[in-house]
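Naming: A, B, ... by sequence-line order, numbering from 1 per chain.
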Amino acid sequence: MRVLCVAEKPSISKAVAGHLSGGSVQTHNTRNQYIKNYSFDFDFGQSLGQCAVTMTCVAGHLTHIEFTSEYKNWSYPPPDSLFNAPIVTSIHDDKKSMAKNLADQAKHARVLIIWTDCDREGEHIGQEIVDAARKGNSSIQVKRARFSNVERAHVLSAARRLVNLDEKQVDAVSTRIELDLRIGYAFTRFMTNSLRPLGGAMENLTLSYGSCQFPTLGFVVDRYFRVKNFVPEQFWSIKLLHNRDGKKVNFSWARSRLFDRMTTIIIYERCLAAKTAKITNVQEKPTRKFKPLPLTTVELQKAATRLLRMNGQQAMTIAEETDRFDKGMNLKALVQKQTPDQRWGQFAQSLVNGAFSQPREGRHDDKAHPPIHPITYAAPSVLNSDEGRLYEYVVRRFLACCSEDAIGMATNIDLQYGSEAFSAHGVIVLERNYLDVFVYEKWDNTAELPKFTRGETFQPTEALMTEGKTTPPDYLTEADLIALMDANGIGTDATMAEHIQKIQDREYVATIDRGGQTAEDVDDAHTEAQPTRGGRGRGRGRGGRGRRDSGTSGGRRGGIRVFVPTQLGVALILGYDRMDFDISLSKPFLRKEMELKMRAICEGQTTREVVLRESINQYRRVFMQTQERLDVLRAACREFVFAQPHR
DNA sequence: GCAAGGTC
């Protein structure tokens, strides 16, 4: 019997073919430069038994959907017609050779086995493969291999425990695809058509709406206004210092700070009147600093922007040149491969010699990809500078994952001074372990404390009443933005960087160098891309979560890029917000709702048809309301884009 | 010219 196996990408096809064939495999080129067909024999056991196998792949989605040609024009039929315009599925020109290959190979096969990634998109790609194969063999039988990594034993077991393609997941994805197309095209055409006539800077812009790009813009605008509308608040505190054994101990006040001066004075004077302080408790307990979790793509992007000063897209491009394999493999063998390195080889050797410890398990498991880790040793000379730094991070992180947590002894000292409680916290690092290789983390932010005994009294060296002002939050860094997108389900780990790029291309946001600048410096430094000046409206102003003490504002390092909205970005977000619909296009809720609906389809609680009908009606209503209140959007553009002193 | 999602 002949079987056709199809993976989602070349690397998986190659790896699976390698494992199933046991090494005896013939490779054939296809008309597509990326796609190879492998042929070999394999015993699937049970129903299929011994088979002649052809293993090949696609490269991501094979098809895309589009509106029929009558809907090409941006103004007629009017954009709202796109909510129910007919849609056709077609194969992009550069994918035709792949589809043809599948149809050709299917002709000789009785069974088709889908080896796409085991996530929702993978299930949909699987269905696209089935459709293409049936063009060549309409009666081909379809099975699916369920696997989460390409470790040999795991692949073999997946091949012998075939399941069926999950239609519900396929439906969930096709629902998402259709909604994104209809909503994105309708709003983009409408916004562009109706705001370009304002002329000037707006004349040549494409004003796009997308279910991911708009919430992403919303995050940037929201933070901008939190900074802009921030009102500093004065606070007062009590600082207690004591010198002992040549060490300076800083006791922090249990109340931290008060926003009322008189109250603080009264409390402070009570402390001074008491003269002596009494140690109420001394507690020592073992503590540890956890080693990092295995590396996810999102974490890699965050680390790349934060520690390595790359942007997320650069990091992804570089990281894709390595591959990602799973923990099912022999991790110690991977550690062993790192022993030749000048920088971390010795550390790797110590792990091999017995210090190895199984990595922690994080809560994210997409069942499709294992954590990122180095699969081979790359000498510094074979990588360019960016690649080298990223590779170094991946290796150090991996070695850290495979070593022990750092071990320390924590000391807590509680003290009573007048009516007030104070405490000091210290740590002695006993074993550095992973910290020796993971140079991106430190554990020296807490000092070693001198000896104190419970019940003892003493006169504190210094007791001061201090005052300070709260400071605004910082603008969003790329790492912040990725974290927000991740937390709100905006985009996937592979697309987040693209959405961030998109809102820059659209001139909705700009990046600026944050080197300890004030908001005013920021505006002056970037008049070219028109970051906003003089905004009003949103933001929480006084207080709220974004508030920080001035004492901790030292985190503004130079050279970090932060995101600020342009006038245009502010105008669009405020314009929609001021229409005050029950549904906000600028916030992540709609995307979250879409995610929930997809999940409901997967769980059989609703269907593709129901969700499409509901969501299209919902968005059409918002669209109609937007048309009716276009004046609000236009007014916002006039206010922010045109009413600028320098224009 | 327009979305978001795969991947090369």
Side-chain angles (χ1 to χ4, degrees), chain A residues 6-14 30 32-36 57-67 71-75 78-83 85 87 89 91-92 94-95 97-98 116-129 169-170 172-196 203-217 297 313 316-317 319-321 323-324 366 368-369 485 489-503 505-506 585 590-591 594-595 598 615 619:
Chain A
V6 186
E8 182 168 324
K9 46 182 170 266
S11 61
I12 300 287
S13 169
K14 188 176 184 181
T30 69
N32 186 297
Q33 58 169 317
Y34 302 110
I35 313 287
K36 290 184 168 53
C57 67
V58 290
H61 284 285
L62 204 51
T63 65
H64 64 111
I65 57 170
E66 57 193 351
F67 292 107
Y71 291 86
K72 282 228 164 69
N73 188 291
W74 278 48
S75 36
D80 68 81
S81 63
L82 298 178
F83 285 108
I87 281 173
T89 301
I91 298 176
H92 208 267
D94 58 356
K95 307 266 178 163
S97 57
M98 297 178 203
T116 49
D117 291 358
C118 289
D119 50 22
R120 282 193 306 231
E121 295 293 332
E123 217 65 17
H124 189 268
I125 293 168
Q127 185 61 52
E128 295 173 71
I129 291 166
Q169 290 188 57
V170 176
V173 171
S174 73
T175 306
R176 190 226 8 107
I177 292 173
E178 182 170 335
L179 288 175
D180 280 340
L181 178 77
R182 292 189 187 280
I183 297 160
Y185 272 41
F187 273 95
T188 299
R189 288 182 183 184
F190 165 71
M191 277 162 57
T192 307
N193 288 346
S194 50
L195 296 177
R196 273 191 182 179
E203 216 158 29
N204 297 309
L205 294 170
T206 296
L207 301 170
S208 62
Y209 171 84
S211 58
C212 289
Q213 50 179 274
F214 243 60
T216 306
L217 169 61
T297 321
Q313 259 187 335
M316 288 303 288
T317 313
E320 273 160 13
E321 287 162 16
D323 218 330
R324 316 173 209 152
D366 63 3
H369 305 97
M485 295 172 75
I490 304 299
T492 66
D493 53 8
T495 61
M496 284 179 203
E498 289 171 30
H499 300 311
I500 294 172
Q501 187 58 51
K502 176 77 77 181
I503 59 175
D505 295 346
R506 292 277 182 259
L585 292 175
L590 277 172
R591 187 75 207 182
M594 171 106 77
E595 174 63 31
M598 284 171 74
S615 297
Y619 276 96

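A stacked arrangement is assigned to A:W74 and the six-membered base ring of B:dG1, with a centre-to-centre distance below 5.5 Å and an interplanar angle below 30°.
Contact annotation for A:K95: base contact, defined as any heavy-atom pair under 4.0 Å involving a base atom. If you check every strand for non-hydrogen atoms under 4.0 Å, A:I65 touches a base. Residue-level contact check: A:Y209 touches the backbone only, with heavy atoms under 4.0 Å from sugar-phosphate atoms and none from bases. Note on A:P79: nothing from the nucleic acid sits closer than 4.0 angstrom, heavy atoms only. Residue A:H64 is classed as having no contact, given no heavy-atom separation below 4.0 Å to the nucleic acid. Counting non-hydrogen atoms under 4.0 angstrom, A:M98 reaches a base of the nucleic acid. Residue A:I177 is classed as a base contact, given a heavy-atom separation below 4.0 Å to a base. Residue-level contact check: A:G122 touches neither bases nor backbone, having no heavy atom under 4.0 Å from any strand. Residue contacts for A:Q213: at a heavy-atom cut-off of 4.0 Å it reaches the sugar-phosphate backbone alone, with no base atom in range.
Comparing B:dT7, B:dA3, B:dG5 against the side chain of A:K502 picks out B:dA3 as the nearest. Listed nucleotides: B:dG6, B:dC8, B:dG1. Nearest to the side chain of A:T192: B:dG1. Relative to the side chain of A:R196, the nucleotides B:dC8, B:dA3, B:dG1 differ in distance, and B:dG1 lies closest. Each of B:dC8, B:dA4, B:dG5 was ranked by its minimum atom distance to the side chain of A:Y34; first place goes to B:dC8. Listed nucleotides B:dT7, B:dC2, B:dA4 differ in distance to A:R591; the shortest reach to its side chain belongs to B:dA4. Which of B:dT7, B:dA3, B:dG5 sits closest to the side chain of A:C212 comes down to B:dG5. Of the candidate nucleotides B:dG1, B:dG5, B:dT7, B:dT7 has the atom lying nearest to any side-chain atom of A:A494.
Straight-line distance from the CG atom of A:N32 to the P atom of B:dT7: 16 Å, rounded to whole Å. We find that NZ of A:K9 is positioned 4 Å from P of B:dT7, with the value rounded to whole Å. Taking atom CD1 of residue A:I183 and atom P of nucleotide B:dG5, one finds them 13 Å apart after rounding to whole Å. As rounded to whole Å, 14 Å separates atom P of B:dG6 from atom CD1 of A:I12. As rounded to whole Å, 15 Å separates atom C1' of B:dC2 from atom CZ of A:R182. Taking atom CG of A:D117 as the reference point, atom P of B:dT7 lies 6 Å away to the nearest angstrom. Note: CD1 (A:I125) to C1' (B:dG6) measures 5 Å, nearest angstrom. Atom CG in A:D180 sits roughly 10 Å away from atom P in B:dA3 (whole-Å rounding).
Qualifying side-chain contact (heavy atoms from CB on, under 4.5 Å) partners for A:T116, counting only residues two or more places apart in sequence or in other chains: A:E8, A:I114, A:I125, A:I129, A:R144. Applying the side chain to side chain donor-acceptor pair (under 3.5 Å) criterion to A:E178, with sequence neighbours excluded, gives A:R182, A:R608.
At least one side-chain heavy atom of A:R176 sits less than 4.5 Å from a side-chain heavy atom of A:E121. Looking only at side-chain heavy atoms (C-beta outward), A:F67 and A:L181 come within less than 4.5 Å of each other. Using a 4.5 Å heavy-atom threshold, the side chains of A:L585 and A:F187 count as touching.
Closest-nucleotide positions on DNA chain B for A:F214 and A:E498 were compared, and the one nearer the 5' end corresponds to A:F214. Residues A:T495 and A:A186 each lie close to DNA chain B; by heavy-atom proximity, the contact nearer the 5' end of the strand is made by A:A186.
Taking only side-chain nitrogens and oxygens, A:T492 comes nearer than 4.0 Å to OP1 or OP2 of B:dG6.
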Worksheet item: Should A:W74 and A:T188 be marked as a side-chain contact (heavy atoms from CB on, under 4.5 Å) after you check the CA-CA gap, both sets of side-chain angles, and the distance that decides it?
Response: CA-CA 9 Å; A:W74 278 48; A:T188 299; 4.2 Å; yes
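There is a side-chain donor-acceptor pair under 3.5 Å between A:D180 and A:S211.
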